[in-house]
Amino acid sequence: MAFNIVTKNNVRDRFKSAPRPEIWKDATDKDWNNWIWQQQKRIKSMDVLEKVLNVTEEERNAFAQSHEQFNMGITPYYASLMDPNDPNCPIRLQSVPKAGELNITVNDLEDPLGEEKDMPVPGITHRYPDRVLFYTTHNCPVYCRHCTRKRKVSDPSSSAANKQLEEGLAYIESHKEIRDVIISGGDPLSNSDDRLEYILSRLRAMDHIQVFRIGTRNLVTLPQRITDEFAQMLTKYHPVFVHTHFNHPKECTQEAFDAVARLANAGCVVNNQMVLLKGVNDDPKIVMELNHKLLMMRVRPYYIFQCDMSQGISHFRTPVEKGLEIIEALRGWTSGMAVPHYVVDAPGGGGKIPLLPSKYLISHEGKTWKLRNYKNQEYDYIEP
Ligand SMILES: *Cc1c(COP(=O)(O)O)cnc(C)c1O
Ligand code: SF4
């Protein structure tokens with residue numbers, strides 16, 4: 001079908017591929033563009049990482065002390081986006097262990113979002129009235145150092161077996177109030193196409209299910225995973241929403257552009273959920289650039305998450321003011337489409353709480369609302 005053909009125009013030309021690191025210079029394009037090859041060649045040890053980057057003493061120590069609790073795993077593609085000489089490269093901060101991970105602070109929580117508490121059956125978190133999170137695997141191509149589900153991700157003993165999958169499907173089937181299912185993980189695209197199709201077809205056969213979302217970071221860490229066959233398969237189960245997780249403009253490459261194009265051409269709506277991370281994207285200019293690139297890729301910025309209270313990620317947390325500052329720097333100054341909701345996912349399972357800069361509402365008395373616009377000009381709105 002013609003819809004998979006990636007549009008070649010001057011928007012696509014603005015997105016670039018990163019040069020391949022020396023150790024993979026001999027790989028054929030066919031291998032490099034093959035997601036199975038990318039999975040097999042993932043960097044899991046210091047020996048290989050040393051061949052790609054000038055690893056610092058801090059990174060070497062942090063790896064030695066952390067990899068038993070939380071694996072390192074980096075696809076060659078994602079590694080190719082790193083600056084080999086800059087330890088503060090935003091791609092590197094997200095995927096190579098750092099000393100901060102070893103620091104467990106008193107406020108850190110093992111299950112920061114209380115996801116276990118709202119679990120009626122293993123593998124389902126049912127917190128909101130009409131939608132559920134459905135965990136289908138605990139593997140990911142790249143283990144993000146800021147992951148909120150560290151307690152599970154990369155621990156194969158906690159992975160979703162078929163029995164758990166069936167119990168999850170049975171729960172969704174018997175709860176008619178559920179209309180939206182978020183297929184999650186780990187990364188659900190670590191499942192085979194067949195297993196994903198099985199899940200989607202079971203859900204689509206339920207009359208009360210209106211939409212589902214696939215929550216995946218493969219668009220960022222392994223865009224080769226979005227094959228034409230996969231995109232084609234999704235067309236049978238529309239409406240399919242894909243929620244992804246770009247954090248930095250460097251992640252917006254031609255490979256990512258093409259992966260989104262395959263999904264969007266196949267009729268999927270793609271949304272982005274950025275996590276606010278110190279040193280990576282805690283700067284309004286970076287977020288503005290990221291969101292502009294995402295829109296050119298046909299990805300709509302949906303959420304900015306305040307970094308949660310997961311264990312060993314305190315070095316990534318910014319003040320809440322930083323998130324408010326970013327929203328204030330976007331709203332009005334650029335397309336509303338580039339302005340996501342800034343939310344704090346309340347520790348302990350309170351759910352997502354939206355925050356807006358307080359400047360917009362000056363006061364409200366009787367029928368008069370005193371308001372302030374993005375340029376700090378004041379206006380009265382008077383109700384009838
Ligand atoms: C984030 C989340 C959802 C989805 O929330 P939306 O605001 O609809 O995107 C659903 N369930 C749980 C438990 C969540 O954490
Ligand atoms: S892809 Fe998602 S679930 Fe997997 S490590 Fe990254 S943040 Fe965690």
Side-chain angles (χ1 to χ4, degrees), residues 39 42 69-75 78 91 93-97 101 111-120 123-155 158-160 172 175 177-191 210-223 225 241-247 251 269 271-275 277 280 300-308 310-313 316 340-354:
Q39 278 277 20
R42 288 194 309 161
Q69 291 87 358
F70 187 54
N71 285 338
M72 178 175 77
I74 310 170
T75 55
Y78 199 61
I91 306 299
L93 290 178
Q94 292 182 71
S95 53
V96 175
E101 282 182 38
D111 175 17
L113 308 181
E115 289 173 333
E116 313 277 338
K117 183 174 70 108
D118 290 331
M119 224 172 234
I124 296 266
T125 298
H126 193 177
R127 166 166 309 145
Y128 295 106
D130 64 346
R131 56 208 186 279
V132 292
L133 276 181
F134 187 18
Y135 310 96
T136 58
T137 170
H138 290 129
N139 295 319
C140 307
V142 169
Y143 293 115
C144 312
R145 306 321 294 180
H146 56 276
C147 182
T148 187
R149 300 211 182 104
K150 271 188 174 182
R151 70 188 185 283
K152 292 213 161 143
V153 165
S154 96
D155 170 8
S158 71
S159 79
I172 296 168
H175 285 259
E177 72 277 20
I178 300 171
R179 39 164 291 288
D180 174 5
V181 178
I182 301 149
I183 302 167
S184 182
D187 197 309
L189 294 199
S190 298
N191 292 301
Q210 298 176 355
V211 293
F212 22 73
R213 327 181 197 179
I214 300 176
T216 177
R217 209 177 184 209
N218 271 255
L219 292 168
V220 184
T221 56
L222 182 59
R225 174 70 183 83
F241 291 74
V242 175
H243 279 217
T244 190
H245 176 180
F246 284 89
N247 283 334
E251 295 167 339
V269 176
N271 287 302
N272 191 56
Q273 309 194 156
M274 183 195 109
V275 180
L277 299 171
V280 174
R300 170 74 155 89
Y302 176 61
Y303 277 140
I304 293 179
F305 285 111
Q306 172 65 11
C307 187
D308 65 43
S310 194
Q311 272 178 359
I313 65 169
F316 281 124
H341 301 283
Y342 171 50
V343 295
V344 177
D345 215 334
K352 296 175 185 69
I353 300 176

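Remember, it's 1-based here, ligands and their atoms both numbered in the order they're listed. Each residue takes its place number in the sequence, starting with 1.
- Side-chain N/O atoms of Gln94 and Glu251 include a donor and acceptor closer than 3.5 Å.
- Counting only heavy atoms, the protein gets under 4.0 Å from atom 4 (Fe) of ligand 2.
- Put simply, the residue from Arg149, His243, Arg213 that forms a side chain to side chain donor-acceptor pair (under 3.5 Å) with Ser184 is Arg149.
- Closer than 4.0 angstrom to ligand 1 lie heavy atoms from Thr125, Arg127, Tyr128, Arg131, Leu133, Ile182, Arg213, Tyr302, Tyr303, Lys352.
- Within the 4.0 Å heavy-atom shell around ligand 2 one does not find Val275.
- Using modelled atom types and a 3.5 Å distance limit, the side chains of Thr137 and Asn191 yield no donor-acceptor pair.
- Within the protein, the N, O or S atoms lying under 2.8 Å from atom 8 (Fe) of ligand 2 are Cys147 SG.
- Proximity of a side-chain donor or acceptor of Asp187 to a complementary backbone N or O of Leu189 within less than 3.5 Å is detected.
- Using cut-offs of 30° and 60° for the angle between ring planes, the Tyr303 and Phe305 rings count as tilted.
- The closest donor-acceptor contact from the side chain of Asn247 to the backbone of Val275 lies under 3.5 Å.
- Looking at every heavy atom in both residues, Glu115 comes nearest to Thr125 through O-OG1, 3.2 Å.
- Counting only distance, with no hydrogens or angles, the side chain of Thr221 and the backbone of Pro141 share no donor-acceptor pair below 3.5 Å.
- Counting only distance, with no hydrogens or angles, the side chain of Thr75 and the backbone of Arg42 share no donor-acceptor pair below 3.5 Å.
- The closest donor-acceptor contact from the side chain of Arg131 to the backbone of Arg179 lies at 3.5 Å or more, if one exists at all.
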